[in-house]
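To keep things clear, I will list the structure first and then write my remarks on it.
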Amino acid sequence: MSNFPSEKPVLVTCGLPYANGKCHIGHLRTYIPADIFVRSLHKQGQDATFVCGSDTHGTPIVVSAEQAGSTPEQFIEQYHHHFDEVFKNLGIKFDFFGSTNDPVNHNRTNEIVNKLIENNYVYPKKIDLAYCPHCERSLPDRYVEGICPYCESQARGDECDQGCGRHLEPGEILKPICKVCGSNAEYRKQEHFFFRLSSFKDFLMEHLDTLGGTANSRNYAREWVQNELRDWCITRNLEWGVRFPGHEDLVVYVWVDAPIGYISFTEEYCNNAGLDWQQIWQGDSRIIHFIGLDIAYHHCIFWPAMLKGAGYSLPWAVIASGMVKIEDKTFSKSRGYVVWVNDDYLDHGFHPDLLRYYLASYTSHTKELNFSWTVFQEKVNNELVGSLGNFLHRTLHFANKNFGRVPEGQVSPDVLAEIRETIQNVTEAMDEYEFKKAIDTIMSLSAYGNTHFQSNEPWHMIKQDPDACKRVVKDCLQIAKALVLLCEPVIPAKMKEAWEQLGLEGDVSKMTYNEALVELESGRALPKPAILFNKIDDKKIEEMEKIMNKRVAEAKAKEEKTTSAPPQVQEITFEDFKTMDIRIGTVVLAENIKDSDKLLKLQVDIGEPEPRQVVAGIAQTHEPGEIVDRQVVVVANMKPAKLFGVESNGMIMAADEDGAVLLQPEKQVENGTSVR
RNA sequence: AGCGGGGUGGGGUAGUCAGGAAAUCCCGACGGGCUCAUAACCCGUAGAUCCAUGGUUCGAAUCCAUGCCCCGCUACCA
């Protein structure tokens with residue numbers, strides 16, 4: 001049984017893009033499937049409202065704007081436009097794309113916060129807050145860095161991002177350092193406001209049991225709810241943001257007003273369209289959030305608790321997508337592992353639909369997706385060009401050339417049954433947010449079409465048995481019509497063209513799947529078809545890979561520069577130097593390490609009862625045989641490390657010049673002699 | 001160390017939540033066919049100890065336990 005269509009109003013949202021940087025392919029992992037889902041809902045006869053908008057508040061934007069010598073207003077404006085434009089170019093069709101800085105959102109946030117206060121879910125508390133005496137200001141969230149009180153890792157003010165992953169409340173972080181000027185911050189008592197998240201524990205456990213969507217988000221949230229739910233500080237000392245009611249010096253935390261954007265965008269859209277937004281947000285409705293897994297915590301814990309506390313409708317489903325990687329590395333702008341949607345894709349003349357197809361069909365929605373230009377090319381050339389494009393073209397071309405119109409005859413029952421089953425399976429897959437499965441199912445209908453065409457050989461029939469030929473062509477045209485309807489959610493622009501090539505009228509995006517079972521009208525004229533999808537040649541892909549490799553190389557070079565520079569400038573004391581235990585030793589054994597090009601495993605006698613095992617990165621310049629019996633300089637108190645699974649308890653010193661040039665004592669000395 | 005994601009034919013993937021006869025799909029290899037179509041398409045063949053060990057079961061890729069290995073985070077990334 002399919003979930004749709006439903007009597008209840010349906011709202012679909014996407015995690016708000018943060019107006020602090022350009023759109024890259026990683027973003028699209030959420031937006032494209034959401035758009036496909038909404039288009040598919042329409043095809044199932046389900047009305048749905050689809051909203052999104054820019055997330056414009058919070059500390060990072062203030063910091064970025066300051067660095068850019070701009071105001072936050074100006075700063076967010078450019079990225080808001082950027083995302084809006086990119087989404088339009090990709091066929092991601094929001095009913096409304098707003099901004100959390102819109103007055104409607106300020107109002108709605110105020111209303112909700114007041115409601116929470118009224119319902120006694122908010123209380124004031126004096127807490128220690130980081131304050132920078134040098135900059136003379138309070139340091140919220142990411143203005144401050146320090147040590148996580150739970151795991152002792154380096155952490156940001158609001159989250160232990162390098163360690164245990166916990167959300168940190170203001171005042172928790174140890175050894176705070178001002179991120180703006182780098183000086184030590186101090187703690188000062190200040191009054192802030194807290195949301196009684198802890199009182200929602202039972203409610204949340206229940207909510208998570210009934211919440212729909214993908215399991216990854218629920219499971220993730222459940223663990224947090226079970227362990228500990230602490231009250232949540234919802235105010236910040238910032239100028240930029242939504243004012244906390246009654247306190248001129250405070251704004252609400254960005255994670256309060258950002259999701260409220262979902263409500264205010266719905267409001268703005270509905271008010272413009274003459275609809276009732278309260279049916280969705282205060283009535284019995286289906287609210288569906290598409291997000292990245294990294295914000296599951298907010299959407300499955302904070303957000304439902306806030307909605308409950310203020311008397312709003314709860315989310316019906318949360319769908320969390322997996323991350324996008326490049327060559328097995330997670331996206332990272334600073335490391336160069338990024339593919340920009342404009343610069344690296346659209347500007348090179350690639351059609352948006354190809355990317356939509358690739359991202360949605362590569363792997364399950366909840367799994368990681370490893371971006372690769374060659375796989376992109378492979379999928380486009382084999383599936384879109386070879387199978388789908390070719391079937392549509394050979395069918396339309398053959399029909400147009402021989403008949404010029406849709407031939408007479410009935411579509412065979414087998415073909416209709418096949419189409420019916422495909423629709424059924426695609427709908428089910430969409431219901432489960434299995435976009436890859438849905439697309440694979442559609443592609444197998446395309447393969448079925450090709451086989452049908454091939455095995456009946458209409459090009460022979462046309463001479464021997466024209467009537468039989470007409471039946472086959474009619475079958476194939478019907479399959480083509482079905483394919484166009486089924487593919488429209490995924491590759492809308494291309495299917496709009498194909499719809500016209502079938503000689504059909506109306507907006508294909510507004511047709512339902514059931515239209516695929518309506519037989520084409522015999523005698524209807526068929527225009528001359530044009531090719532829909534072209535192969536991507538190897539040269540183009542090589543070019544794209546080159547661009548990507550270059551960026552990664554540049555980023556790596558930059559990284560090395562920044563990491564290797566400090567030791568040269570930083571002075572150390574003699575005391576510091578004495579902390580190193582450097583000794584002379586003799587290599588007694590050396591061997592290669594399997595699978596490693598650069599490493600050798602050495603046993604070095606440094607005057608201890610047993611030789612030390614040390615792994616050295618010198619295999620490219622030294623054969624194991626040539627260094628046995630040689631004396632070397634060893635840092636003996638290195639922290640043990642595992643390299644290629646081999647333990648290393650020291651470091652061999654070498655000059656770093658296109659490989660390794662080993663240091664050696666001037667003359668033979670006793671093993672274990674220390675160096676100073 | 002912590003957290004997260006993984007280990008399925010040569011490469012890439014599905015299936016794992018709800019355990020069942022022959023493990024999906026795309027590429028690649030090999031053989032054949034077709035010539036309507038974008039050197040596209042169709043048919044067939046070979047190729048998998050489903051990371052390992054132990055357990056539960058009539059039955060395990062799937063559930064449980066232990067272990068091994070890979071990858072990511074480490075300056076605001078959905």
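Labels below follow one simple rule: chain letters A, B, ... track the order of the sequence lines, proteins then strands, and each chain is numbered from 1.
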Quiz item: Checking ring-ring contact (aromatic ring centres under 6.0 Å, His included) for the pair A/Trp255/A/His298: CA distance, chi angles, key distance, verdict?
Solution: CA-CA 8 Å; A/Trp255 270 110; A/His298 306 88; 3.8 Å; yes
Quiz item: If you pin A/Lys436 and A/His27 to their nearest nucleotides in RNA chain B, which one's is more 5'?
Solution: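 The residue mapped nearer the 5' terminus is A/Lys436.
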Quiz prompt | 5′-ward residue of the pair A/Phe453/A/Asp440 relative to RNA chain B | solution = A/Asp440
Practice problem: State plainly whether the residues A/Lys22 and A/Asp343 are in salt-bridge range, i.e. N to O under 4.0 Å. | Solution: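 Result for this pair is yes, salt bridge flagged.
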Mind checking the [atom1] distance from [N] to [M]? Whole angstroms is fine.
{"N": "B/rA23", "M": "B/rA39", "atom1": "C1'", "result": "33 Å"}
{"N": "B/rU8", "M": "B/rC76", "atom1": "C1'", "result": "38 Å"}
{"N": "B/rC50", "M": "B/rA22", "atom1": "P", "result": "14 Å"}
{"N": "B/rC64", "M": "B/rC73", "atom1": "P", "result": "29 Å"}
{"N": "B/rC58", "M": "B/rA14", "atom1": "C1'", "result": "28 Å"}
{"N": "B/rU35", "M": "B/rC71", "atom1": "C1'", "result": "47 Å"}
{"N": "B/rA48", "M": "B/rG5", "atom1": "C1'", "result": "24 Å"}
{"N": "B/rG28", "M": "B/rG12", "atom1": "P", "result": "16 Å"}

Compare the minimum distances between each of [options] and the side chain of [X], then state the nucleotide with the smallest one.
{"X": "A/Pro60", "options": "B/rC36, B/rC76, B/rC77", "answer": "B/rC76"}
{"X": "A/Ile531", "options": "B/rU38, B/rA78, B/rA37", "answer": "B/rU38"}
{"X": "A/Glu378", "options": "B/rU13, B/rC42, B/rG11", "answer": "B/rG11"}
{"X": "A/Glu383", "options": "B/rC41, B/rC26, B/rG5", "answer": "B/rC26"}
{"X": "A/Lys535", "options": "B/rC76, B/rA40, B/rC41", "answer": "B/rA40"}
{"X": "A/Phe398", "options": "B/rU13, B/rC36, B/rC77", "answer": "B/rC36"}
{"X": "A/His397", "options": "B/rG15, B/rG12, B/rC36", "answer": "B/rC36"}

Self-check item: Test ring-ring contact (aromatic ring centres under 6.0 Å, His included) applied to A/His27 - qualifying residues, sequence neighbours left out
Solution: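 For A/His27 the ring-ring contact (aromatic ring centres under 6.0 Å, His included) partners, ignoring immediate neighbours, are A/His24, A/Phe83.
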Under 4.0 Å between a side-chain N/O of [X] and OP1 or OP2 of [N], yes or no?
{"X": "A/Thr395", "N": "B/rA37", "result": "no"}
{"X": "A/His393", "N": "B/rC41", "result": "no"}
{"X": "A/Lys325", "N": "B/rG5", "result": "no"}
{"X": "A/Lys367", "N": "B/rA14", "result": "yes"}

Quick one: label [X] by what it contacts on the DNA or RNA (base, sugar-phosphate, nothing), any heavy atom closer than 4.0 Å.
{"X": "A/Phe533", "result": "base"}
{"X": "A/Ile61", "result": "nothing"}
{"X": "A/Gly15", "result": "nothing"}
{"X": "A/Ser364", "result": "sugar-phosphate"}
{"X": "A/Leu28", "result": "nothing"}
{"X": "A/Thr451", "result": "sugar-phosphate"}

Self-check item: side chain to side chain contact (heavy atoms under 4.5 Å, CB included) partner of A/Ile76, chosen from A/Thr100, A/Thr56, A/Thr71
Solution: A/Thr56
Quiz item: Is there any salt bridge (Lys or Arg N to Asp or Glu O under 4.0 Å) pair reaching into residues 465-481 of chain A, and which pairs are they, with sequence neighbours excluded?
Solution: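 Listed once each, the pairs are A/Glu408-A/Lys470, A/Lys481-A/Glu515.
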Quiz prompt | Where at least one partner belongs to residues 434-452 of chain A, residue pairs that pass salt bridge (Lys or Arg N to Asp or Glu O under 4.0 Å), sequence neighbours excluded | solution = A/Glu432-A/Lys437, A/Lys436-A/Asp440
Name the pairs: protein N/O against N/O of nucleotides 31-33 of chain B, kept only if under 3.5 Å.
{"residue": "B/rG33", "atom": "N2", "partner": "A/Gln454", "partner atom": "NE2", "Å": "2.9"}

Quiz item: For A/Gln377 and B/rU38, what is the distance between atoms CD and P respectively, to the nearest whole Å?
Solution: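 Nearest whole value for this atom pair: 20 Å.
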Self-check item: A/Gln67 CD to B/rC76 P, straight-line distance once rounded to whole Å
Solution: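 To the nearest whole Å, that distance equals 11 Å.
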Quiz item: So A/Trp459 and A/Phe453, would you call those rings parallel, tilted or perpendicular, with 30° and 60° as cut-offs?
Solution: parallel
Quiz item: Ring-on-base stacking between A/Trp459 and B/rC36, under 5.5 Å between centres and under 30° between planes: is it there?
Solution: yes
With a cut-off of 3.5 Å and sequence neighbours excluded, list every side-chain donor-acceptor pair involving residues 389-398 of chain A.
{"residue": "A/Arg394", "atom": "NH1", "partner": "A/Asn450", "partner atom": "OD1", "Å": "2.7"}
{"residue": "A/Arg394", "atom": "NH2", "partner": "A/Gln454", "partner atom": "OE1", "Å": "3.0"}
{"residue": "A/Thr395", "atom": "OG1", "partner": "A/Phe391", "partner atom": "O", "Å": "2.8"}

Quiz prompt | Qualifying residues under salt bridge (Lys or Arg N to Asp or Glu O under 4.0 Å), relative to A/Glu418, sequence neighbours excluded | solution = none
